[in-house]
Amino acid sequence: MTSADLSSMKPTALLVNTSRAGLVEPGALVEALRAAVRAWPALDVYEEEPLRDPEDPLLKMENVVCTPHIRYVTRDEYELQFSDIF
């Protein structure tokens, strides 16, 4: 999705990306949300993973739901990721 695609979304749109961050042009989502697109994104994939920067603009926006990208993992890996996240 490009900036143009995002800007044409309806104000009631819900964008859910749990697949690949590369589906959305780098920077396009933040740019669109700052330009008053009122969509409600829910993400668990990011341009840079893992998303650790507490100042990332996506984490600061009230209409964005961000969750960690867990994917399928072994129990040991899940415990490592869980300790990193929390």
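Values below: every heavy atom of this structure, side chains too, minus hydrogens, waters and symmetry copies.
Within the 3.5 Å criterion, the main-chain N or O of Gly27 finds a donor-acceptor partner in the side chain of Glu47. Put simply, the side chain of Asp76 never gets that close to the backbone of Glu79: no donor and acceptor are under 3.5 Å apart.
Counting heavy atoms from C-beta on, the side chains of Arg34 and Pro57 come closer than 4.5 Å. Side-chain contact between Glu25 and Leu6 is absent, with no heavy-atom pair separated by less than 4.5 Å. Leu29 has its side chain within reach of Leu43: a pair of non-hydrogen atoms, C-beta onward, lies under 4.5 Å apart.
Connection of Val30 to Leu59 is established within a shared hydrophobic cluster, with ILVMFWY side chains joined at heavy-atom distances below 4.5 Å, either directly or through further cluster members. A continuous path of hydrophobic side-chain contacts links Val16 to Trp40 [ILVMFWY only; heavy atoms under 4.5 Å].
Rounded to the nearest 0.5 angstrom, Asp44 CG and Leu51 CG are separated by 11.0 Å. In this structure, Glu62 CD and Leu33 CG are separated by 12.5 Å, a value rounded to the nearest 0.5 Å. The structure places CG of Asn17 at 5.0 Å from CG of Leu23, a figure rounded to the nearest 0.5 Å.
Scanning all heavy atoms of the two residues, the minimum distance from Asp5 to Thr2 falls at OD2-N, 2.9 Å. Minimum heavy-atom separation, Leu15 to Met9: CB-CE, 4.0 Å. Closest of all the heavy-atom pairs between Val45 and Thr18 is CG1-C, 4.2 Å. Across all their heavy atoms, Tyr46 and Leu58 have their closest contact at CD2-CD1, 4.3 Å.
Listed by chain and residue number, Lys60 satisfy the salt bridge (Lys or Arg N to Asp or Glu O under 4.0 Å) test with Glu55 (two or more places apart in sequence, or in another chain). Applying the salt bridge (Lys or Arg N to Asp or Glu O under 4.0 Å) criterion to Asp84, with sequence neighbours excluded, gives Arg52.
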